[in-house]
Amino acid sequence: MPANPTPPRRLIAHLDMDAFYASCELLRYPDLRGEPVVIGGGRRHQPEPQPDGTRRYARLADYAGRGVVTTATYAARAFGVHSAMGLMKAAALAPQAVLLPTDFDLYKRCSRAFKAAVAELAPVIEDRGIDEIYIDLTEVPGAQDTIGHDPLGGARALAREIKNNVQRATGLTCSIGVTPNKLLSKLASELDKPDGLTVLTLDEIPTRIWPLPVRKLNGIGPKAGAKLAGLGLETLGQLAQCEPEWLIERFGQSYGAWLHRAAWGRDERPLVTDSEPVSMSRETTFDRDLHAVRDRSQLSAIFTELCRRVAEDLQRKGYVGRTVGIKLRFDDFKIVTRDLTLPANTADFASIRQAAGQCLKRVDLRRRLRLLGVRVGNLHRADLPELPSRRSTRAPARPGRPMPKPAATTMLVAREPGLFDDLPDETAN
DNA sequence: TCTGGGGTCCTAGGACCC
DNA sequence: TCTGGGGTCCTAGGACCC
């Protein structure tokens with residue numbers, strides 16, 4: 001056996017499309033270039049073609065509803081508008097901004113096109129959703145080359161080529177970060193947005209990474225960010241100076257240790273180039289909060305429709321699942337989930353509807369509902385043989401947790417057996 | 001004028017099995 | 001009447017991400 005040669009240093013890129021949905025829209029509405037444009041909301045605000053060949057766009061000021069901003073152009077961001085902001089709030093900041101509905105089919109086409117353009121140059125790609133990917137450049141010819149005095153010149157040149165290829169193929173710009181791992185590349189791709197290219201080595205962590213707020217780190221969200229702030233830790237540099245034991249005491253073994261490693265830019269995770277979906281779901285927020293009894297027929301129709309769409313998604317993509325679940329968001333924003341594991345895989349509408357109905361019976365429905373969702377998990381590809389489950393051959397699942405027994409309003413719930421479950425008119429076909 | 005929709009992963013307790 | 005431990009599955013909730 002020959003001795004193992006030292007493995008080449010890892011060169012990992014993170015590529016993030018700039019204001020992706022909005023940029024896709026600008027490809028077909030070039031007259032909006034440079035304008036504040038916001039993507040979000042339902043289908044009620046399609047641009048209307050005018051007799052003179054121009055288009056009439058909806059303005060944010062005209063919007064009424066519960067939608068949020070999905071993406072905003074940089075011109076709109078200048079007004080303080082950003083993703084996940086309520087559209088009504090965005091309208092207060094930038095009433096004159098153009099509002100476009102989301103068109104996922106368009107974005108999916110652009111997504112496939114940019115990923116294909118990257119794959120021509122670097123085929124090892126981890127999908128991270130519609131608008132971003134990780135790329136392993138380690139083994140790409142030329143990526144490890146020194147150019148002039150720049151030991152990362154080859155990597156830099158390759159990243160530039162990737163950006164050019166994406167631009168040629170889609171007309172869209174992206175930002176790329178190249179570092180020794182995914183965690184740092186994700187941070188690096190943001191440092192020079194839009195149309196950015198940032199190559200970082202480990203020596204640059206103190207100067208380039210440590211000044212950043214902790215929230216920039218992928219894995220520190222609102223909760224952890226607030227807790228860290230409460231401990232006086234605002235930047236990654238401050239986090240890095242903490243003793244691991246001190247962090248573990250406050251954040252638990254796993255997360256505490258990770259926080260420390262992450263602040264030092266340590267991350268050995270490989271790219272995941274083949275992943276199978278774990279679950280598929282459909283959910284909807286109502287225009288107004290609905291009550292299980294008073295709005296029963298409306299809820300029943302929505303519930304059934306969600307089940308139908310999940311079944312359709314599963315069948316179209318060729319998956320079956322064994323766990324059916326529901327999700328409810330009440331008017332106070334509290335979320336409740338229930339699920340039920342079936343004896344066998346299914347992608348069948350009637351089975352999903354039936355199981356989801358069983359789940360619904362275990363929820364106290366006195367509060368009004370804001371959102372309803374249906375999910376199928378435990379997915380397997382439909383064309384693969386079903387693995388025998390030890391569980392499924394045994395006794396039937398024990399009954400779910402009983403519904404809490406409310407006092408005065410019990411009658412309201414109890415006299416509607418099954419609530420909006422199992423209505424023959426909704427489930428007939 | 002509050003706060004979408006589609007996901008993943010983790011934790012934790014109890015059931016159940018060996 | 002008292003004593004195990006390990007492992008997996010199921011369920012519910014929650015954090016986080018795009």
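Letters A, B, ... are given to chains in the order of the sequence lines, protein chains preceding strands, and every chain is numbered from 1.
The minimum heavy-atom distance between A:A13 and A:I176, with the atom names listed, is CB-CG2, 4.1 Å. Across A:S279 and A:R375, no two heavy atoms sit closer than the pair CB-NH1, 3.1 Å. Across every non-hydrogen atom of A:A19 and A:A72, the tightest pair is CB-O, 3.9 Å. Nearest approach of A:G65 to A:M88, heavy atoms of both residues: O-CG, 3.5 Å.
Looking at residues two or more places apart in sequence or on another chain, you find no side-chain hydrogen bond (donor to acceptor under 3.5 Å, both in side chains) involving A:D62. By the salt bridge (charged side-chain N to carboxylate O under 4.0 Å, His left out) test, A:R288 is found to be paired with A:D295, residues two or more places apart in sequence or in another chain being considered. Residues passing the salt bridge (charged side-chain N to carboxylate O under 4.0 Å, His left out) test with A:R381 are A:D383, sequence neighbours excluded. When the side chain to side chain contact (heavy atoms under 4.5 Å, CB included) test is applied to A:L212, the partners found at least two apart in sequence or on another chain are A:L187, A:L191, A:I209, A:K216, A:L236. Residues forming a salt bridge (charged side-chain N to carboxylate O under 4.0 Å, His left out) with A:R55 (at least two apart in sequence, or on another chain): A:D31. Residues passing the ring pair (Phe, Tyr, Trp, His ring centres under 6.0 Å) test with A:Y319, sequence neighbours excluded: none. With sequence neighbours left out, the side-chain hydrogen bond (donor to acceptor under 3.5 Å, both in side chains) criterion links A:K227 to no other residue.
One finds no side-chain N or O of A:T341 lying less than 4.0 angstrom from the OP1 or OP2 phosphate oxygen of C:dC9. In this structure, A:T102 does not reach the B:dG5 phosphate: none of its side-chain N or O atoms is under 4.0 Å from OP1 or OP2. Within the 4.0 Å cut-off from OP1 or OP2 of B:dT3, not a single side-chain nitrogen or oxygen of A:R329 is found. At least one side-chain nitrogen or oxygen of A:R370 sits closer than 4.0 Å to the OP1 or OP2 atom of B:dG4. Distances shorter than 4.0 Å separate none of the side-chain N or O atoms of A:R375 from OP1 or OP2 on B:dG7.
Distances from the side chain of A:R338 to the nucleotides B:dG7, C:dA12, C:dC18 place C:dA12 closest. For A:K317, the listed nucleotide lying nearest its side chain is B:dG7; candidates were B:dG7, C:dG13, C:dC16.
Using modelled atom types, no side-chain atom of A:R322 and backbone atom of A:G377 make a donor-acceptor pair closer than 3.5 Å. Side chain of A:N165 to main chain of A:A117: a donor-acceptor pair is present (N/O by atom type, distance under 3.5 Å, no hydrogens or angles).
Contacts classified as ring-ring contact (aromatic ring centres under 6.0 Å, His included) and involving residues 207-247 of chain A (residues at least two apart or in different chains) are given here: A:W210-A:W264.
Residues from residues 269-284 of chain A placing a heavy atom under 4.0 Å of any atom in DNA chain B, listed by number, are A:P277, A:V278, A:S279, A:M280, A:S281, A:R282, A:E283, A:T284. Within residues 66-96 of chain A, the residues approaching DNA chain B are A:R66, A:V68, A:A84, A:M88, A:A92, by heavy-atom distance under 4.0 Å. Annotation: proximity of residues 231-266 of chain A to DNA chain B (heavy atom, distance under 4.0 Å) is found for A:S254, numbered in ascending order.
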Fill in the dot-bracket string of DNA chain B, one character per base: . for unpaired, | for a pair to another strand, ( ) or [ ] for pairs within the strand, taking Watson-Crick or G-U pairs under 3.5 Å. ....||||||||||||||
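If you check every strand for non-hydrogen atoms under 4.0 Å, A:K186 touches sugar and phosphate atoms only. Contact annotation for A:G373: no contact, since no heavy-atom pair falls under 4.0 Å across all strands. Using a 4.0 Å heavy-atom cutoff across all strands shown, A:L217 reaches sugar-phosphate atoms only and no base atom.
Nucleotide C:dA12 holds its P atom 15 Å from the NZ atom of A:K327, rounded to whole Å. Put simply, CG on A:L99 is 15 Å from C1' on B:dT1, counting in whole angstrom units. Atom-to-atom, CZ of A:F20 to C1' of C:dC18 comes out at 12 Å; the value is rounded to the nearest Å. Atom CD of A:Q358 and atom C1' of C:dA12 are 18 Å apart (whole Å). Protein atom CG of A:N378 is 15 Å distant from nucleotide atom P of B:dG7, rounded to whole Å. Nucleotide C:dG13 holds its P atom 10 Å from the CD1 atom of A:I335, rounded to whole Å. Distance NZ (A:K193) to C1' (C:dC18): 12 Å, rounded to an integer number of Å. Rounded to whole angstrom, the span from the CZ atom of A:F333 across to the P atom of B:dG5 amounts to 10 Å.
Between C:dC16 and B:dG4, the distance separating the two C1' atoms is 16 Å to the nearest Å.
With A:T71 as reference, A:I39 is the one residue of A:T102, A:V37, A:I39, A:D18 to meet the side chain to side chain contact (heavy atoms under 4.5 Å, CB included) rule.
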